[in-house]
Amino acid sequence: GEGGAALLSSTPMAKAKKHGWVRTMLGVLLGCVLAVAAVVAATNAVTVLATKDRIVSAEAAASFGADAIVVLGASVYADGTPSGILQDRLDDGIALYFAGAAPKIIMSGDNSTVSYNEVKAMKDYAVAQGVPSEDVFCDHAGFSTYESMYRAKHVFGAERIVVATQTYHLYRALYAASGLGLEAVGVPSDYREYAHQLQYDVREIPARTKDFFKTLLRVPSTYVGDPISLDQSGDVTEG
């Protein structure tokens, strides 16, 4: 009866089976965690080691013969001015333009809503620094680092690019660029200490793994759209 079933469930054999099942599940869970950690570590190592030699000085980039300088977007304040991290990327890209690294700049960022427009702020900043408006192209659908690289290749038709962003970010950008068939070098825009650098570094770890597999599969960007030639005025990309 019920008393017998209760007695049976509390026997040493039943307890051992229960504990064995728990140990098995914990072992499987631990194995999964270790496997994920190994994949993350391996993809980060490959990304960094494969690209570190392509992070170069502005002088080296000036003789690279690039089609365009790609400045990667970051946050913009409500009044339309670039955040510190974005301003440094812009200053990097503008300096490269004036050094003759490339005849065009692609400002690639997030303009996913009417009220938030990184690329307009980026172009306005460059023009205010003396870059001719017609030499600045706006990539409104650079929603991620990978997508910025994909669109530089498949929308803007670039073959050789110089990427302007901070060192921690350059590894991932250059890995995606190379995997997508671009010849690319990067010039770091590490002009200051950033208050949230640890947060950026930690966030970059899974991001490198994600983009490693996106690059492997050559996943198309969210929006591809019609080709935009770099031979025309960049003003056609405003709006």
Has [X] got more than 12 heavy atoms of other residues, nucleotides or ligands less than 6.0 Å from its [atom1]?
X	atom1	answer
D226	CG	no
K120	NZ	no
Y223	OH	no

(message) Under the criterion salt bridge (charged side-chain N to carboxylate O under 4.0 Å, His left out), I'd like the reasoning laid out for D235 against K123: C-alpha separation, chi angles, the key distance, then a yes or no.
(response) CA-CA 10 Å; D235 292 340; K123 176 161 184 170; 2.8 Å; yes

(message) Less than 4.5 Å apart, side chain to side chain, heavy atoms only: is that true for P132 and Y97?
(response)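 Yes; the side chains approach each other to less than 4.5 Å.
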
(message) Could you check whether any side-chain heavy atom of M25 comes within less than 4.5 Å of a side-chain heavy atom of L29, counting everything from C-beta outward?
(response)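 No. Closest side-chain heavy atoms not under 4.5 Å.
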
(message) Tell me whether the rings of F137 and F156 are parallel (<30°), tilted (30 to 60°) or perpendicular (>60°).
(response)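 Perpendicular: the ring planes of F137 and F156 meet at over 60°.
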
(request) Check the angle between the aromatic planes of Y150 and Y146 and answer parallel, tilted or perpendicular using the 30° and 60° thresholds. (result)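 Y150 vs Y146 ring planes: tilted.
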
With a 4.5 Å cut-off on side-chain heavy-atom distances among I, L, V, M, F, W and Y, is there a chain of contacts connecting [X] to [Y]?
X	Y	value
I85	F143	no
I55	Y168	no
V224	I106	yes

(request) For a side-chain contact (heavy atoms from CB on, under 4.5 Å) with D190, tell me which candidate from D92, T165, T167 qualifies. (result)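 Answer to the side-chain contact (heavy atoms from CB on, under 4.5 Å) test with D190 among D92, T165, T167: T167.
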
(message) If you apply the rule side chain to side chain contact (heavy atoms under 4.5 Å, CB included), what do you find for L72 with M149, and how did you get there?
(response) CA-CA 9 Å; L72 296 175; M149 298 300 102; 3.8 Å; yes

(request) Give a yes or no on whether a salt bridge exists between K153 and D67, defined as a side-chain N under 4.0 angstrom from a carboxylate O. (result)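 Looking at K153 and D67, the cut-off is not met.
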
(message) Clusters formed by hydrophobic residues whose side-chain heavy atoms approach within less than 4.5 Å: which one holds F213, and what are its other members?
(response)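 Once heavy-atom contacts under 4.5 Å are chained together, F213 belongs with V39, V46, Y175, F212, L216.
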
(message) On a heavy-atom basis, which atom in I205 and which in N44 lie closest, and how many Å separate them?
(response)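 Distance-wise, the nearest heavy atoms are O-ND2, 2.9 Å.
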
(request) Take H169 and Y200, measure what side chain to side chain contact (heavy atoms under 4.5 Å, CB included) needs, and give me the verdict at the end. (result) CA-CA 9 Å; H169 194 204; Y200 301 148; over 6 Å; no

